[in-house]
Amino acid sequence: MSFTLGIIGIGQFGTHFAELFSAHPDISAVYAVDAVPERIDALEERGLSFAGRFDTVEDLLASDVDAVAIFTQRWTHGQIAIQALQAGKHVYSAVPMAIEEEEIRGICAEVERTGLVYMMGETSQYNAAVVLARRLHQQGVFGEVFYAEGDYVHDMDLGFYDAYKYSGGEAWKSTASYPPMLYPTHAVGGVLGVLGDRHAVSVSCIGRPDTRGDGVFDKDVSMFGNDVSNAFALFEMDNGGAFRTNELRRVGYPSHKRESRFRFFGEESSFEETIDVTYWHDKRDALEVTDLIRTESTMSLDDPRLADVSPTLRDAFVAGAARSHHQARLPQEFQGMPNGHEGAHHFLVDDFARAVEAGAQPVVNAWRAARYTLPGIIAHRSMNEGGARLPIPDLGECPLPVQDLDVDQAPLDLAALTAEVEAAKIEG
């Protein structure tokens, strides 16, 4: 069995993922729709052939295509996902899931009603550091994790201006003011992607109004009425612990080297990631695990396929596998293909395709996606209420069968694996 897929939005992400969806053995045909059809033309001129194209999203949803992948403007994802589910389509959605609580509830309701597959493509789920920390947590290495941190540190100067100009046209400044906490999943998803049995129950958030004065984070220009470029949230967890996230758009930090970073503190051991060094440590020793999460490039930064991507964003589109990743589960067709976001792209496409084929929900299903997204929406609300501590509704666990592709992993011996890496260095 195989299925057909329609990609909604052939922009910088849609273009990149179209190649992977087309190569997956479980996907028999890929279609495309974009409000700027010249983008589809350009991709086909570079050698990727679509089975067909549609003039509008409505035309695609009325067709017999089995599934859709949504890569449109971030504030449009929720409504399109609901429309697609109502039209009988399986849904892969770029982040965020939605920017309104009602849309999140609507997606979960439609998935439960129809049994269709919904997946949010959160890259942090397969960030190499998150994978390593998750494997440790699944083995009980940390003990009870009582505090964690997840930061998305992506300065506007490092590619975001160009990205918003590409997608927003002449009105790009009105959209570039997108509120930081409404794009929370790279930070929240990385934390909860490790602590899969935990969720946030309350939040207090503070935002810092922007001071650049270039008309981007200007309430009079912003379609969101937002002037905050940096936001800081403290979440209470259901085990009485806490995690903190920062969503930073004005920060002196090399985002192209590591745009998300994480820390986990447990009663037995801890894990800390910095820009270029990462440690796991317990009450006796500290073990550097940097080489276990180091990714290799899968394509040149000058590759023509990245022509529309700002040079300062291209690193995110080339990073491939790390030793912490479980590459053996991926289809052979992905060998040597472009990857990105610390090796996440291959796993995201494979997760969705295998879930549709199995008739089961993926790991980042609608309910997990809600736990990654809704905390940011409530944090944004808290920020606008002066940091008030607000409760976070929890929609619960997925009530449908979930295909977990991460559980069948051999126990991870960190010391032995690190010694193997060091030996390879010496031999090299």
Side-chain angles (χ1 to χ4, degrees), residues 1-7 13-14 16-28 30 66-71 77 81 84-85 89-97 107-108 111 115-128 130-132 134-135 138 185-186 189-190 192-194 196 295 298 319-322 324-335 337-373 397-398 400-409:
M1 291 289 293
S2 60
F3 66 95
T4 57
L5 175 81
I7 297 179
F13 262 90
H16 195 76
F17 275 82
E19 189 171 349
L20 295 175
F21 281 121
S22 296
H24 199 284
D26 289 337
I27 299 176
S28 58
V30 175
D66 300 311
V68 300
I70 303 168
F71 294 99
H77 297 167
L85 290 164
K89 313 299 183 189
H90 303 289
V91 173
Y92 175 101
S93 174
V95 300
M97 181 184 193
I107 290 170
C108 290
V111 173
L116 291 165
V117 168
Y118 172 92
M119 175 175 167
M120 184 179 74
E122 175 42 55
T123 56
S124 285
Q125 185 75 19
Y126 286 112
N127 175 297
V130 171
V131 172
L132 178 58
R134 180 165 60 243
R135 294 179 69 180
Q138 288 173 344
T185 61
H186 293 334
L192 298 184
V194 171
T295 58
T298 57
S324 62
H325 284 125
H326 37 291
Q327 294 292 106
R329 59 156 269 196
L330 294 173
Q332 286 295 315
E333 287 84 352
F334 281 4
Q335 292 296 317
M337 291 196 67
N339 206 331
H341 284 90
E342 306 217 23
H345 294 184
H346 287 186
F347 290 103
L348 295 175
V349 171
D350 190 49
D351 266 11
F352 180 67
R354 291 172 65 167
V356 172
E357 280 301 288
Q361 298 299 313
V363 175
V364 188
N365 53 70
W367 287 265
R368 180 72 68 88
R371 285 180 168 177
Y372 290 3
T373 309
E397 301 283 351
C398 178
L400 303 173
V402 176
Q403 177 175 261
D404 191 343
L405 301 177
D406 288 322
V407 295
D408 290 330
Q409 299 206 24

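Computed from a predicted model, the values in this text were never measured in an experiment.
Counting all heavy atoms, side chain and backbone alike, Asn339 lies closest to His16 at O-NE2, 3.1 Å. Met97 approaches Cys108 most closely through the heavy-atom pair CE-SG, 4.3 Å. Nearest heavy-atom pair across Leu348 and Gly121 is CD1-O, 3.8 Å. Taking every heavy atom of both residues into account, Asp351 and Gln403 meet most closely at O-NE2, 4.5 Å. In terms of heavy atoms, Thr4 sits closest to Ser28 at CG2-OG, 3.5 Å. Considering all non-hydrogen atoms of both residues, Pro338 and His346 come closest at O-NE2, 2.8 Å.
Not counting sequence neighbours, the partners of Tyr92 by the ring pair (Phe, Tyr, Trp, His ring centres under 6.0 Å) test are Phe21, Phe71, Phe352. Residues satisfying the side-chain contact (heavy atoms from CB on, under 4.5 Å) criterion with Val402, sequence neighbours excluded, are Gln361, Asn365, Cys398. Scanning for side-chain contact (heavy atoms from CB on, under 4.5 Å) contacts around Ala84 gives Leu61, Val68, Lys89, Val91, with sequence neighbours left out. With sequence neighbours excluded, the residues forming a side-chain contact (heavy atoms from CB on, under 4.5 Å) with Ala18 are Ile7, Leu43, Leu48, Phe50, listed by chain and number. The side chain to side chain donor-acceptor pair (under 3.5 Å) check on Asp350 picks up His24, Arg329, Arg354, with sequence neighbours excluded.
A donor-acceptor pair under 3.5 Å links the side-chain atoms of Ser324 to the main chain of Ala128, judged by distance alone. Within the 3.5 Å criterion, the main-chain N or O of Tyr126 finds a donor-acceptor partner in the side chain of His325.
In this structure, the separation between CD on Glu357 and OG on Ser2 is 6.5 Å, given to the nearest 0.5 Å. One distance of note links CD of Gln335 with CG of Leu330; it measures 7.5 Å at 0.5 Å rounding. The CG atom of Leu116 sits 12.5 Å away from atom CD1 of Ile107, with the distance rounded to the nearest 0.5 Å. Note that OG1 of Thr123 and NE2 of His186 are 4.0 Å apart. Values are rounded to the nearest 0.5 Å. Atoms OG1 and CD, on Thr295 and Glu342 in that order, are 5.0 Å from each other to the nearest 0.5 Å. Interatomic distance, CG of Asp26 versus CD of Glu333, reported as 9.0 Å (0.5 Å rounding).
For residues 361-371, the salt bridge (Lys or Arg N to Asp or Glu O under 4.0 Å) pairs, not counting sequence neighbours, are Arg371-Asp394, Arg371-Glu397.
The aromatic rings of Phe17 and His345 are tilted relative to each other, their planes meeting at an angle between 30° and 60°.
Phe347 and His326 have their aromatic ring centers within a separation under 6.0 angstrom.
Residues Pro362 and Val117 are in side-chain contact: their nearest non-hydrogen atoms beyond the backbone lie under 4.5 Å apart. Under the 4.5 Å side-chain criterion, counting only non-hydrogen atoms from C-beta, Tyr372 is in contact with Met120.
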